[in-house]
Number of protein chains: 2
Amino acid sequence: MALSFFDYVERINSLLRSWQRDDAELSVVPAVQLSALRYLSICNHYSDTVMGVTDYLGLTKGTVSQSLKALEERQWIYKEPDLQDKRIVHLKPTAAGLAVVQQLVAVQVLQQAVQQLGPELEQQLTGALHQLLSQVQQQQQRKSFGQCKSCRFHQQQDGLPFCGLTQQPLPVASTELICREHQDAA
Amino acid sequence: MALSFFDYVERINSLLRSWQRDDAELSVVPAVQLSALRYLSICNHYSDTVMGVTDYLGLTKGTVSQSLKALEERQWIYKEPDLQDKRIVHLKPTAAGLAVVQQLVAVQVLQQAVQQLGPELEQQLTGALHQLLSQVQQQQQRKSFGQCKSCRFHQQQDGLPFCGLTQQPLPVASTELICREHQDAA
DNA sequence: TCACAACGTATCGAATCGATACTTAATTTA
DNA sequence: TAAATTAAGTATCGATTCGATACGTTGTGA
């Protein structure tokens with residue numbers, strides 16, 4: 001009997017916590033804030049809202065609103081009102097915020113470890129994880145938060161990416177970001 | 001560009017949180033307490049102490065002591081003084097505690113999803129995770145919390161398992177449990 | 001014998017998180 | 001068009017967690 005997948009996830013979680021605690025500067029920052037900041041750095045313009053973060057992190061919007069307020073006070077994100085819908089506020093990382101994300105110890109260590117596995121094992125690992133998450137999220141009726149380009153609504157129009165759900169053209173750079181409206185192509 | 005390993009871990013974490021929140025009974029139980037309980041159900045008799053949980057979870061011993069106190073009040077664990085060293089207290093799950101662990105939604109859902117991957121992909125996934133964690137933990141000088149039977153101190157004496165570190169015989173059933181003193185055989 | 005380290009507990013304060021209520025804006029219904 | 005309903009976001013309050021600090025006990029080594 002080997003350890004279960006759940007056990008590995010738990011262990012990785014503990015390591016993530018340890019790394020953050022060991023970081024002199026970031027140890028005072030709640031982990032949820034860093035998770036939210038990371039999310040905002042990889043999500044598209046349909047998903048960079050309070051509700052987007054709420055759905056992604058699995059918390060309540062009141063809690064998330066406070067965490068985002070703290071991120072704004074650190075000047076790691078700034079708010080931008082939506083032009084169409086006046087209820088919506090877009091949350092964008094500042095340059096300082098992006099710098100924090102890129103210097104996260106956890107990301108760097110894991111990235112390096114994954115690379116040491118070699119391309120073949122890396123492919124197997126992320127491939128299996130992708131499939132696993134797809135199954136789970138579909139089965140649980142959860143939002144999948146997949147990459148825009150892998151969405152069933154993703155189309156081409158005049159050679160440019162286009163969203164069939166919102167009926168809007170998409171910035172080319174956004175097609176690799178994750179979206180809260182994402183649905184698997186299958 | 002696909003999503004990074006870190007992104008998958010973050011997503012899984014969010015799902016774990018969501019599942020726990022959706023569980024009517026367990027939603028009031030702090031996640032750390034469940035993690036500690038789970039750990040105590042899969043660790044050996046060298047590791048079922050406050051310091052063992054502390055190292056595993058990456059928290060401070062004061063915090064962990066409080067969480068364990070709460071677990072004891074729920075009657076999910078009980079304490080047993082060490083016979084040799086009077087400073088040490090062993091923490092063991094009660095029958096009720098083990099029942100909670102086995103009914104964790106997260107474990108069940110992930111287990112089921114992994115099985116749907118098929119034996120080959122499952123092997124690839126856990127194999128890659130194992131290797132990844134070994135590398136990271138060795139590189140970071142962290143305790144690996146591996147299974148007893150995969151430890152460099154694991155020996156056989158008169159056909160029975162024996163720990164070369166503590167110089168004590170081991171219960172056969174313990175060789176698949178995880179140990180805080182574990183060091184990879186390589 | 002004495003100093004020091006290790007395991008565990010207790011206390012206190014800061015701060016997170018969820019629940020609830022509220023405001024504003026958009027959408028649906030009559 | 002007006003009213004009702006839904007949705008996005010914020011504010012407040014209280015419970016609870018977590019880290020820091022200090023303390024007591026036991027083991028170890030000089």
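Here the structure is a predicted model, which means the values were calculated and not measured. So you know, we letter chains A, B, ... as the sequences are listed, proteins then strands, and number each from 1.
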Notebook entry, point to check: Think A:Ser67 has a side-chain N or O under 4.0 angstrom from the OP1 or OP2 of C:dC17?
Noted result: yes

Notebook entry, point to check: Under 4.0 Å between a side-chain N/O of A:Thr63 and OP1 or OP2 of C:dC17, yes or no?
Noted result: no

Next item on the list: Specify the separation, in whole Å, of atom CZ of A:Arg74 and atom C1' of C:dT16.
Entry: 12 Å

Next item on the list: Return yes if a side-chain donor-acceptor contact under 3.5 Å exists between A:Thr166 and A:Tyr46, otherwise no.
Entry: yes

Checklist line | Rounded distance in Å - CG (B:Leu71) to C1' (C:dT9) | finding: 16 Å

Next item on the list: Identify, residue by residue, the members of residues 32-60 of chain B with a heavy atom below 4.0 Å from DNA chain C, and return them in order of residue number, or none.
Entry: B:Thr49, B:Val50, B:Met51

Margin query: Rounded to whole Å, please give me the gap between CD in B:Glu80 and C1' in C:dG8.
Written below: 17 Å

Next item on the list: Supply the atom-to-atom distance B:Gln66 CD to B:Thr60 OG1, rounded to the nearest 0.5 angstrom.
Entry: 9.5 Å

Item checked: For atom CD of A:Gln84 and atom C1' of C:dA26, their distance in whole Å -> 13 Å

Note to self: Does this structure show an ion pair linking B:Arg142 with B:Asp55, if we count only N-O contacts that are shorter than 4.0 Å?
What the structure shows: no

Check: Whole-Å distance between C:dT9 P and B:Ile88 CD1?
Finding: 12 Å

Next item on the list: Using heavy atoms to find the nearest nucleotide of DNA chain C for A:Gln66 and B:Lys61 separately, return the residue whose nucleotide is more 5′.
Entry: B:Lys61

Note to self: Is any side-chain heavy atom of A:Glu176 closer than 4.5 Å to one of A:Cys148?
What the structure shows: no

Margin query: Is any side-chain heavy atom of B:Arg180 closer than 4.5 Å to one of B:Phe145?
Written below: yes

Next item on the list: Please round to the nearest 0.5 Å and tell me the distance separating atom OG of A:Ser14 and atom CG of B:Leu59.
Entry: 7.5 Å

Checklist line | A:Tyr56 six-ring centre to B:Arg11 NZ/CZ under 6.0 Å and within 45° of normal | finding: yes

Next item on the list: Give A:Lys86 one of three labels, base, sugar-phosphate or nothing, depending on what nucleic acid heavy atoms sit under 4.0 Å from its own.
Entry: sugar-phosphate

Item checked: Outermost DNA chain D nucleotides near chain B [under 4.0 Å, heavy atoms] -> D:dT17 to D:dG27

Next item on the list: List the steps, then state whether side chain to side chain donor-acceptor pair (under 3.5 Å) holds for B:Gln140 with A:Trp19.
Entry: CA-CA 10 Å; B:Gln140 300 261 318; A:Trp19 291 332; 2.7 Å; yes

Next item on the list: Can you check whether any acceptor in the base of C:dA6 is under 3.5 Å from a donor in the side chain of B:Arg87, or vice versa?
Entry: yes

Margin query: Tell me whether B:Glu10 is salt-bridged to A:Arg38, with the criterion being a basic N under 4.0 Å from an acidic carboxylate O.
Written below: no

